[in-house]
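One structure is given here, and the rest of the page talks about it.
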Protein chains: 2
Amino acid sequence: MSHSASGDGVAGVAALIGEPARANILSALMSGRALTAGELARHARVTAQTTSGHLARLLEARLIVVERQGRHRYFRLASPEVARAIEALSVIAGAGPNRTLAIGPKDEAVRRARTCYDHIAGQLGLALADSMQARGLLVHADGAGAITHEGQAFLTDFGIDMTAPARSQRPLCRMCLDWSERRHHIAGRLGAALLNRLLELRWVERVPDSRALTITGIGERGLDTRFRIDVRSPVPHR
Amino acid sequence: MSHSASGDGVAGVAALIGEPARANILSALMSGRALTAGELARHARVTAQTTSGHLARLLEARLIVVERQGRHRYFRLASPEVARAIEALSVIAGAGPNRTLAIGPKDEAVRRARTCYDHIAGQLGLALADSMQARGLLVHADGAGAITHEGQAFLTDFGIDMTAPARSQRPLCRMCLDWSERRHHIAGRLGAALLNRLLELRWVERVPDSRALTITGIGERGLDTRFRIDVRSPVPHR
DNA sequence: GTCATGTTTCGGTCGCAGCCGAAACGTTCC
DNA sequence: GGAACGTTTCGGCTGCGACCGAAACATGAC
């Protein structure tokens with residue numbers, strides 16, 4: 001008679017995510033981009049009417065937000081917290097019985113580098129975390145991390161200002177467990193800033209209709225000189 | 001046609017959690033204790049038969065594990081990852097429209113100190129994190145944390161050995177977002193060790209049928225002398 | 001204005017899954 | 001042995017909600 005606070009609300013949110021069509025919608029939005037209702041309908045593999053209903057429910061529960069633009073409506077995840085919950089669910093789902101071998105060549109690009117809401121995941125994400133750790137820019141002890149003074153300097157030089165006062169409540173540097181690699185990569189405000197900067201420099205580019213990121217030629221060279229990351233080498237599997 | 005990896009598995013797990021009865025079961029198990037099917041039936045407010053079915057499905061999905069003991073079957077959450085996902089969902093659920101005022105005096109104990117799977121949450125959890133931060137035992141920068149050398153020494157002296165090689169993959173020190181306070185407390189192996197030690201010392205005690213923890217007289221004094229935490233003072237709200 | 005496109009509302013069908021009663025099964029205690 | 005208790009299986013009921021077709025409602029292009 002006291003479990004109202006915990007169980008009830010959780011069930012509602014989870015039930016919302018627990019519908020295949022809605023889960024597909026949310027997964028598509030995990031790319032971090034804002035997508036239209038029509039695009040989401042295609043991702044979810046249901047008709048536009050059905051999608052419309054789902055979107056209405058997701059909006060009411062504040063899992064997503066919308067922005068009108070002409071005759072389109074662009075949907076985004078409402079907050080990093082929502083992305084976190086979905087990622088946490090992915091971790092459990094991925095840990096299932098025989099999931100490890102069930103990946104085709106199609107997903108290879110996704111495993112190499114992809115967006116995780118607003119930061120970089122996949123092998124590139126891990127490599128960035130490992131590299132910064134090895135050079136003393138980041139204290140990344142066992143799934144938790146903090147930026148060192150050297151790290152602050154490095155980032156400023158790289159074009160990322162992390163010294164600005166936190167106007168948002170969001171953690172500066174959080175580590176996010178990767179569903180494909182089962183290790184942590186950089187999330188939080190730093191993770192978002194890194195992704196932005198890499199896109200800005202055109203070191204990586206988004207792949208349409210996918211969470212995947214491609215590493216450009218400039219990116220390969222840049223990652224090598226600035227981060228000592230050799231993109232072509234076999235992936236570190238620790 | 002490439003979203004099999006993300007959306008599908010997530011939907012299954014979320015649907016499992018998204019049933020009120022099952023959510024209640026999982027919430028009850030968030031206390032970290034192992035409970036019998038009968039107890040869980042009472043928590044979930046459904047009959048034993050119904051509960052049995054739910055437990056079977058949760059077992060098959062590996063969200064929980066079971067241990068026989070005589071004519072009882074004791075259920076536990078399968079892993080910290082499961083607890084994480086549930087906590088992440090709680091955060092979203094709690095952020096809903098007018099949830100902030102919907103708490104009665106009954107929940108006050110739960111807000112003061114409670115278990116969050118296997119570590120301490122609530123105001124006491126925050127106080128511990130803040131205290132260790134202030135004394136330089138923990139680098140707890142914005143939602144991510146690592147133990148300092150001074151921290152290692154302090155913990156050893158306090159009866160917690162964190163220097164042992166990590167036999168499990170589990171993070172040493174992770175920060176967990178609190179659904180009632182919206183700030184981070186200490187989780188990971190350190191969080192679990194702290195809860196264990198405090199129970200061992202009888203500084204805190206479990207409340208039957210609840211996630212709540214009570215702070216004993218010894219505990220009050222101990223927390224004051226060792227951690228500089230004044231349990232009686234108005235809670236720090238930052 | 002007309003037409004095309006993106007999105008929502010309405011109405012009705014259908015299937016899944018949660019629920020319980022009854023009964024069977026297994027274990028412990030006396 | 002029998003009785004009590006905890007748990008599971010079976011069968012049948014019931015209701016919620018996901019889905020689509022059709023049509024209405026917007027917005028923008030011409």
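Chain identifiers are assigned alphabetically (A, B, ...) following the order of the sequence lines, protein sequences preceding nucleic acid strands; residue numbering begins at 1 within each chain.
For Arg206(A), the CZ atom counts as densely surrounded, since its 6.0 Å shell holds more than 12 non-hydrogen atoms of other residues, nucleotides or ligands.
Atom CD of Glu39(A) is separated from atom C1' of dT7(C) by 14 Å (rounded to the nearest Å). Taking atom CD of Glu67(B) as the reference point, atom P of dT27(C) lies 17 Å away to the nearest angstrom. As a whole-Å value, the separation of Ile17(B) CD1 from dA17(C) C1' is 18 Å. Atom P of nucleotide dG6(D) and atom CG of Leu35(B) are separated by 15 Å, given to the nearest angstrom. Leu40(A) has its CG atom 9 Å from the P atom of dT7(C), to the nearest Å. Distance CZ (Arg71(B)) to P (dA3(D)): 16 Å, rounded to an integer number of Å. Between Gln49(A) atom CD and dC19(D) atom P there is a gap of 11 Å when expressed in whole angstrom units.
Closest to the Ala21(B) side chain, of the nucleotides dC19(C), dC20(D), dA18(D), is dC19(C). In the set dA4(D), dT7(C), dC19(C), dT7(C) carries the atom at the smallest distance from any side-chain atom of Ala48(A). The listed nucleotides are dT7(C), dT9(C), dC20(C); the one nearest the side chain of Thr47(B) is dC20(C). Comparing dG18(C), dT7(D), dC19(D) by their nearest atom to the side chain of Arg22(B) picks out dG18(C). For Val46(A), the listed nucleotide lying nearest its side chain is dC20(D); candidates were dA18(D), dC20(D), dA4(D).
Separating the CG atom in Leu195(B) from the CD1 atom in Ile186(B) is a distance of 12.0 Å, to the nearest 0.5 Å.
Here the rule is side chain to side chain contact (heavy atoms under 4.5 Å, CB included) with Phe75(A), and of Ile25(A), Leu40(A), Leu35(A), Leu26(A) only Leu40(A) fits it.
For dC19(D), neither phosphate oxygen OP1 nor OP2 lies less than 4.0 angstrom from any side-chain nitrogen or oxygen of Thr50(A). An OP1 or OP2 oxygen of dA17(C) is reached within less than 4.0 angstrom by no side-chain nitrogen or oxygen of His54(B). The phosphate of dC5(D) (OP1 or OP2) has no side-chain N or O of His72(B) nearer than 4.0 angstrom. In this model, the phosphate group of dA18(D) is approached by a side-chain N or O of Arg57(A) to a distance below 4.0 Å at OP1 or OP2. Of the side-chain N and O atoms in Ser52(A), none sit less than 4.0 angstrom from OP1 or OP2 of dT7(C).
Between Glu200(B) and Arg197(B), at least one side-chain nitrogen of the basic residue sits less than 4.0 Å from a carboxylate oxygen of the acidic one, meeting the salt-bridge criterion.
Remark: side-chain polar atoms of Arg33(B) are paired, donor with acceptor, to backbone N or O of Ser210(B) under 3.5 angstrom. At distances below 3.5 Å, not a single donor-acceptor pair connects side-chain atoms of Thr36(A) with backbone N or O atoms of Arg73(A).
Thr36(A) comes within 4.0 angstrom of the backbone, heavy atoms only, and of no base. Using a 4.0 Å heavy-atom distance criterion, Arg68(A) is classed as making no nucleic acid contact.
With hydrogens and angles ignored, no donor-acceptor pair closer than 3.5 Å exists between the side chain of Glu19(B) and the base of dG18(C).
Positionally, the nearest nucleotide of DNA chain D for Tyr74(B) lies more toward the 5' end than for the other of Tyr74(B) and Ala15(A).
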